[in-house]
Amino acid sequence: MMQTPTNVTCPAFYMDANLVSYSQWQSVYNWAQTKDTAFDNAGSGKAANHPVQAVDWCDCVKCATPDRSRQA
């Protein structure tokens, strides 16, 4: 069976050029917790300026949404 190319359209989104530090993640995570946002995993990091680790993709999406509204 031959596959043909498919065009896909997705809505606009934000993408950062740098990794998210554990400190950045904690800041947004703590803010989101005050808004009763439930997370599956709080994440971890070796140090505040190191990249955050062990976060769930869905938690990242939850965390990204409040971060944009927090900056507005």
Side-chain angles (χ1 to χ4, degrees):
M1 183 168 144
M2 188 172 158
Q3 294 182 355
T4 58
T6 302
N7 292 327
V8 177
T9 302
C10 67
F13 60 92
Y14 292 96
M15 181 180 290
D16 201 338
N18 302 305
L19 297 173
V20 174
S21 72
Y22 185 49
S23 175
Q24 289 172 312
W25 173 262
Q26 283 182 312
S27 173
V28 176
Y29 174 86
N30 291 336
W31 181 83
Q33 292 290 87
T34 68
K35 305 297 181 195
D36 295 325
T37 302
F39 290 87
D40 294 327
N41 190 339
S44 63
K46 293 182 181 181
N49 62 340
H50 284 234
V52 67
Q53 319 174 51
V55 292
D56 184 82
W57 172 254
C58 293
D59 288 346
C60 292
V61 172
K62 291 177 205 172
C63 217
T65 303
D67 190 39
R68 285 197 306 269
S69 65
R70 195 170 62 129
Q71 292 175 356

Distance-only donor-acceptor pairs under 3.5 Å for side chains of residues 40-56, two or more places apart:
| residue | atom | partner | partner atom | Å |
| --- | --- | --- | --- | --- |
| N41 | OD1 | G43 | N | 2.9 |
| N41 | ND2 | A54 | O | 2.7 |
| D56 | OD2 | C58 | N | 2.9 |

Parallel, tilted or perpendicular: which one describes the rings of F39 and W25, with boundaries at 30° and 60°?
perpendicular
Taking T34 for the side chain and W31 for the main chain, is one N or O donor matched with an acceptor at less than 3.5 Å?
yes
